[in-house]
Asker: 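Below you'll find the structure I mean.
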Amino acid sequence: MSYALIDFADPPKEPMHPHDRSDWTPPPREPGQSKEPAQLRRILRLFRPYRARLALVGLLVGAASLVSVASPFLLKEILDVAIPEGRTGLLSLLALGMIATAALTGVFGVLQTLISTTVGQRVMHDLRTGVYEQLQRMPLAFFTRTRTGEVQSRIANDIGGMQATVTSTATSLVSNLTAVVATVVAMLALDWRLTLVSLLLLPVFVWISRRVGRERKRITTQRQKQMAAMAATVTESLSVSGILLGRTMGRADSLTRSFAEESERLVDLEVRSSMAGRWRMSTIGIVMAAMPALLYWAAGIALDQGGSALSLGTLVAFVSLQQGLFRPAVSLLSTGVQMQTSLALFQRIFEYLDLPVEITEPAEPVRLPEVRGEVAFEKVSFRYDPEGAGRPTLDGIDLTVPAGGSLAVVGPTGSGKSTLSYLVPRLYDVTEGRVTLDGVDVRDLGFDTLARAVGVVSQETYLFHASVADNLRFAKPDATDEEIEAAARAAQIHEHIASLPEGYETLVGERGYRFSGGEKQRLAIARTILRDPPVLILDEATSALDTRTEHAVQQAIDALSAGRTTITIAHRLSTVRDADQIVVLEAGRIAERGTHEELLARDGRYASLVRRDVRGALDGALDAMGSGEQTNVGAVVPQNV
């Protein structure tokens, strides 16, 4: 759920705590915490909503196993009774019975596959949706520490890798286990001595398969981490920004080599994963395939030494059962290995599902039917790392912005300006004090109320790879074409959109790269106008634009700000001189406050910032004049200085 209308993608400009890294992943469990039984119970809980359908699968599996076991007994009767005694009627019935057995087994198998696959895909859907929902609830700090490719890999590769487990492995386990039990019972009924010979090596096979499973689980964990690293490399280097950076820096070949190295490591892990325990499992297959010869040999030795003779029908039926045991037994061992492998994938998914949600909606949220827009900071302090040492990012901030009023926040880089603005829409929660909207702590408000009340426009505008109309409707899905056009006109972007061949159906491209910086900014403003929030936060919304584009965007911002409570984080001071109140932040504290004229008269920090801003603006204007470009110096130099 979105907390507010946010039009920025970059992380805060203030540094995160020292332990933040771009390759952050959830910390591994302590050795004592990795308990497979608990993890297996958690996996089984995923199937709980579908237990009725799973019960039906169990019935089908049991029925199919019982029917398939009947076939060797029918064969025994054919060989021992019907053929030797020349009873053609009985022979026909027994033959039809064998055909019916095969047909029923096939029908039960198809139904079982349909139901189990449906259940498995629903579980996959639940997992994907659960992880996505959990990530939507994570604080902004999580995404500033985590590579986008890592997040994508968890959803795509890890959950995709579990598909075989959740769609077929569980059913295969039940099916093969039932088949093994039914077959062993039938073999005991035919001859208990041959049954013991057949099962003699089974404990050794189970031990081997468990060792292979643990080995593959370890390799799978490494493989998935490597896949996540490669996905992150692709996401970063093949984005529009990555391509531009790579080509302009002449690093395309270097990036290709880096990707090839990542891919080479993945090849090695894939081969190791595929070959892990392959020889041991092949040995099991060879021994199981040799069992019929061993049974014939054992029966011959017993007969030669004067033991009770087995009828030909019994021996053939037993060998048939033994071969029938071979397939589900080997499949059961392979399923055990596959489940061990899948546990590594489930653990990576559960790590994300178990991430603590720091910003939560209260149990009984306050919902304001009408928002006036008064914003207040009451003794607010904030640290990105609550347990960290050193000075806080914000310390003891007391501010009130009346409904419909305007506040400008200025100061050097790293002073806490952007952080202050992030506290209003609850992108972060205060460490001390509180932030209120119309006298209500924002932590007590419902997310829907906060999202309707607060809109944010930043210098880094995020646009989806969709049409202009779809990007604008993201703020208001039910907006009419007339409302969209009105918002675009107010943001002074309608004429440009209308001049495009496809108009409002024009695709904006990846991150909006088909539009200039000023055009993207005005699209973001139009999107916010469509949302119509009573509180507006402008986080250096024009600092990255040239003077002429800034003037056009500033006009759109003025139209957007009319009648709203506005908090402006300013880099160019020419944009804030008309604010009702200006606050200068230094090292997270309020150093000065007042109107533009009052602060200039004090000749303090604000006046020093203005003089620096004027020098920069004059230098830029003179450079433009020297290059022959027409420049309105009055538009770039603050008045009344």
Side-chain angles (χ1 to χ4, degrees), residues 1 25-26 29 33-65 108-138 150-179 209 213-214 216-217 220-221 223-225 227-228 231 273 328 331-357:
M1 179 179 291
T25 56
R29 295 173 181 266
Q33 293 179 310
S34 182
K35 302 296 184 181
E36 286 188 8
Q39 192 172 7
L40 287 172
R41 286 194 297 271
R42 186 170 184 181
I43 293 171
L44 290 175
R45 284 199 296 271
L46 296 172
F47 292 86
R48 186 177 296 171
Y50 311 102
R51 51 183 177 269
R53 277 182 272 187
L54 290 175
L56 180 57
V57 170
L59 291 175
L60 290 171
V61 167
S65 299
F108 290 153
V110 170
L111 293 175
Q112 162 195 323
T113 301
L114 173 63
I115 299 172
S116 62
T117 301
T118 301
V119 169
Q121 289 297 330
R122 296 307 304 175
V123 171
M124 293 273 289
H125 165 75
D126 294 342
L127 276 173
R128 282 193 297 265
T129 305
V131 171
Y132 187 85
E133 181 182 10
Q134 177 77 351
L135 291 172
Q136 284 286 342
R137 299 164 61 200
M138 295 306 296
E150 163 73 20
V151 175
Q152 293 174 347
S153 180
R154 297 270 175 152
I155 296 177
N157 296 334
D158 294 352
I159 295 180
M162 295 187 301
Q163 180 164 333
T165 302
V166 299
T167 57
S168 61
T169 300
T171 304
S172 176
L173 181 66
V174 175
S175 176
N176 291 321
L177 186 60
T178 305
S209 67
R214 285 194 293 268
R216 287 193 184 175
K217 179 182 178 181
T220 297
T221 300
R223 183 188 66 187
Q224 295 304 119
K225 288 182 178 179
M227 290 178 71
S273 175
S331 180
L332 201 59
L333 295 175
S334 299
T335 299
V337 171
Q338 188 174 7
M339 289 189 67
Q340 286 283 325
T341 301
S342 297
L343 285 176
L345 302 179
F346 274 109
Q347 181 172 324
R348 283 172 59 84
I349 293 303
F350 290 154
E351 283 175 352
Y352 265 27
L353 291 174
D354 293 340
L355 288 171
V357 179

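When a residue number appears, it is its place in the shown sequence, counting from 1. FYI, side chains are in, hydrogens and waters are out, and symmetry mates aren't considered; it's all heavy atoms of this structure.
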Asker: CG of L60 to CD1 of I115: how many Å apart, nearest 0.5 Å?
Answerer: 5.5 Å
Asker: Nearest 0.5 Å please: distance from the CG atom of L127 over to the OH atom of Y352.
Answerer: 15.0 Å
Asker: To the nearest 0.5 Å, what is the distance between CD1 on I349 and CZ on R128?
Answerer: 10.5 Å
Asker: Hey, does the Lys NZ or Arg CZ of R122 hover above the aromatic six-ring of Y50, less than 6.0 Å from the centre and inside 45° of the axis?
Answerer: no
Asker: For A63 versus F108, what's the shortest heavy-atom pair and its separation?
Answerer: CB-CE1, 3.7 Å
Asker: Between R137 and Q134, is there a donor-acceptor pair closer than 3.5 Å when you use the side chain of the first and the backbone of the second?
Answerer: no
Asker: For T117 and L114, indicate whether the former's side chain and the latter's backbone hold a donor-acceptor pair under 3.5 Å.
Answerer: no
Asker: Rounded to the nearest 0.5 Å, what's the gap from CG on D354 to CZ on R42? Could you check?
Answerer: 4.0 Å
Asker: Between CG of L355 and CE of M138, what distance do you get to the nearest 0.5 Å?
Answerer: 4.5 Å
Asker: Atom CD in E133, atom CG in D126: separation rounded to 0.5 Å?
Answerer: 11.0 Å
